[in-house]
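Structure record follows, encoded as structure tokens.
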Amino acid sequence: MDRRTFVGLTLALAGGMPALAGGMPAAREARPRPGRTRLILLGTAGGPRPRKTRAASSQVVIVDDTAYVVDCGDGVARQLVLAEVPLATIRHIFLTHHHSDHNADYGNLLLLAWTAGLREPVRTWGPPPLQGMTRHFLELNAFDIETRTAGAGLVPLARLIQAHELTEGGVVMEDERVKVTAALVPHLAVAPSFAYRFDTPDRSIVISGDTTRSDSLIRLARGADILVHEALFPEGMDRLVAGAKNAANLKRSILALHTTVEDAGRVAQAAGVKTLVLSHLVPAEDPAITDRMWTDAASRHFRGRVVMGRDLLEI
Ligand SMILES: [Zn+2]
């Protein structure tokens, strides 16, 4: 594993913050929690165009009621609310790469969490220019932030955010609940792009981000309990690009950026994971491709359990 390069511009350090008064999240289902670690898929669509049945890419790992968000597609704050995850419990945000279906609501999540009771520092992690994006977002929303800070006596939002840029794989952060490790994954010109692995006291969870079939992802995911892998269904590509001006080029570029669902199964098998979760689905909405078709394709080369991703699914 490559050593992580830490470019840790601290936008602002929080000091002497009062303890969080968030309380426990409400139970989503009337069943006991199996362990300390929960994984909830917040958005499972691939691509930035808003859709009716799936939100853009995002997921949350919750350990002992502390939330670690991976990617911030459109509507991530709303999806967290629907999943009954208090926004004030977010402590870390990880971006896999800077495509808008993964980062469009990065700043909005921070801003909206702050209005919803966030009072403790949040550390954010991702490729450059994460620090510049964070700074510009705060400038863009300076009027609202200043108004609320003065009116409600809130801690200025900038003091709560520490943005860290990652340029190499390796251990990203570690606390008493989780160790997070990143690996560089290939996503054409969108470099660096990362996959993240969460090792907690009771589970290991890997999020692929966007990638073509990747050996570094296989190494990162070795022996994990869960691999959430992006997936593309090749037979749906012609319908997806139909009507586009440059349909053939568009199809070629989508295929070159992503992993087919069969290859996601091959990656899961090579890594020896227990469960493969299909997410970041391309096409995201195609009634001609049933859930069964997705899972059958993934199972062609994977002997473990395959889960078809859907928004708000807890695994
Ligand atoms: Zn992407």
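Quick note: residue numbers are just sequence positions, from 1. Read the numbers this way: they start at 1 and go in the same order the structure lists the ligands and their atoms.
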Judged by modelled atom types alone, do [X] and [Y] share a side-chain donor-acceptor pair under 3.5 Å?
| X | Y | value |
| --- | --- | --- |
| N108 | D105 | yes |
| D311 | T44 | yes |
| Y196 | D71 | no |
| D202 | T200 | yes |

Enumerate the residue pairs fulfilling ring-ring contact (aromatic ring centres under 6.0 Å, His included) with a member in residues 271-314, sequence neighbours excluded, ordered by first and then second residue. H102-H280, F233-W294, H258-H280

Less than 4.5 Å apart, side chain to side chain, heavy atoms only: is that true for R239 and D286? yes

Closer than 2.8 Å to the Zn ion (ligand 1), what protein N/O/S atoms do you find? H97 NE2, H99 ND1, H187 NE2, D210 OD2

